[in-house]
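Note that the structure is predicted; figures quoted are calculated from it, not measured. All chains are named by letter (A, B, ...) in the order of the sequence lines, taking the proteins before the strands, and each is independently numbered beginning at 1.
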2 protein chains.
Amino acid sequence: MQLRMTNQREMILRELKKSKGHLSADELYERVKKFMPRISLATVYRNLEILSDARMIRKLEISGRQKRYDSVLVDHDHIYCVECHRIENLELGTSDVKLPVGEAKGYTITGRRLEVTGLCPVCQKKITKSKKIK
Amino acid sequence: MQLRMTNQREMILRELKKSKGHLSADELYERVKKFMPRISLATVYRNLEILSDARMIRKLEISGRQKRYDSVLVDHDHIYCVECHRIENLELGTSDVKLPVGEAKGYTITGRRLEVTGLCPVCQKKITKSKKIK
DNA sequence: CTTGACTTGCGAAAGATTATTATTTACGAT
DNA sequence: ATCGTAAATAATAATCTTTCGCAAGTCAAG
């Protein structure tokens, strides 16, 4: 199976890289649609899957409803806001997480995912305000 | 708001504890249905939500399609099989993960979730076998 | 026993993702 | 440059998981 670089695929890749964020499929769909009004949401999903299989992007199966996609391939972790679900990158040295090397429970370990949860600065303010009401 | 201990709720809690696993809502539904054939799936979902709000169980928002629920409340991490999606507990000392204390990117950190991915023993065998075919 | 808030069961709806299918397109070979 | 064909697309239907709305049922306090 050879993968072609179609206009749609190229555009999806470009917009994901441009955003530098962690977009969901439909957010990306909205952005791409500005340039290609006739693109289908299914195409976005399909290409995100294909690109992620091809290791050209990364699928984040982080908590929450929607999957998100990241154009940054280098290993890194994420921090996300429990209130507004914003996701940001987190640079932790690999030395910051000690893992059972090689095996644990008979598993062959292929990776790890560290997700830090918290309140982002914006939501902290919001909550401080609404406390008065409560 | 007071929460009642209805038969359904009790049964859901009991079956989740009995399994010691990490069941999805519909797996739990199937089990409970053996004892209460008329129970509704929505009731299972509702109660899992309520019990998890009440800190009587824990909702795992781990990668994958379905949410899973855990009756073990003590802090622990999880390892899951990329092939068969089985989830198991992982006991790591808190010292095994170093986190930026207090703040990172302006966030107030409320927790962390570590997910180790790998191939479980069963799937390792399956894959070794199928390699011959490829 | 009665009341009223909490719950249930059921069906429908919502949200996210995947599958189907007819049509179009990219790209290597001619 | 043109052709043939496998791969990709658009549009829509379908699926899967989870939630919602509401009438009817149930529990616990008085």
Is [X] near enough to [N] that one of its side-chain N or O atoms lies under 4.0 angstrom from OP1 or OP2?
X: B:N7; N: C:dT7; answer: no
X: B:T43; N: C:dG9; answer: yes
X: A:T6; N: D:dT9; answer: yes
X: A:R46; N: D:dT9; answer: yes

Categorize [X] for me: base, sugar-phosphate, or nothing, with a 4.0 angstrom heavy-atom threshold over every strand shown.
X: A:I39; value: sugar-phosphate
X: B:R38; value: sugar-phosphate
X: A:R9; value: sugar-phosphate
X: A:D26; value: nothing
X: B:M5; value: nothing

Send over the distance from [X] [atom1] to [N] [atom2], rounded to a whole Å.
X: A:L48; N: C:dT18; atom1: CG; atom2: P; result: 10 Å
X: A:M36; N: D:dA8; atom1: CE; atom2: P; result: 15 Å
X: A:I12; N: D:dA10; atom1: CD1; atom2: C1'; result: 13 Å
X: B:F35; N: C:dT8; atom1: CZ; atom2: C1'; result: 20 Å

Assess whether a salt bridge exists between [X] and [Y], defined as any Lys/Arg side-chain N lying under 4.0 Å from an Asp/Glu carboxylate O.
X: B:K33; Y: B:E30; result: yes
X: B:R112; Y: B:D77; result: yes
X: A:E15; Y: A:K18; result: yes

* Without hydrogens or angle criteria, can the side chains of A:Q8 and A:T43 be said to hold a donor-acceptor pair below 3.5 Å? ->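 No pair is found: no donor N or O on one side chain lies under 3.5 Å from an acceptor on the other.
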* Asked: Under 3.5 Å, is there a donor-acceptor pair linking the side chains of B:E88 and A:Y107?
  ->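 There is such a pair between these side chains.
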* Can you tell which of D:dT18, C:dT7, C:dC10 lies closest to the side chain of B:S40? ->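 Within the option list, the nearest is C:dC10.
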* Closest-nucleotide 5' rank along DNA chain D - winner of A:Q8 and B:Y45 ->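 Nearer the 5' end of the strand: A:Q8.
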* Asked: Do A:R4 side-chain and C:dG28 base share a donor-acceptor contact under 3.5 Å?
  ->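 Flag unset: no donor-acceptor pair detected.
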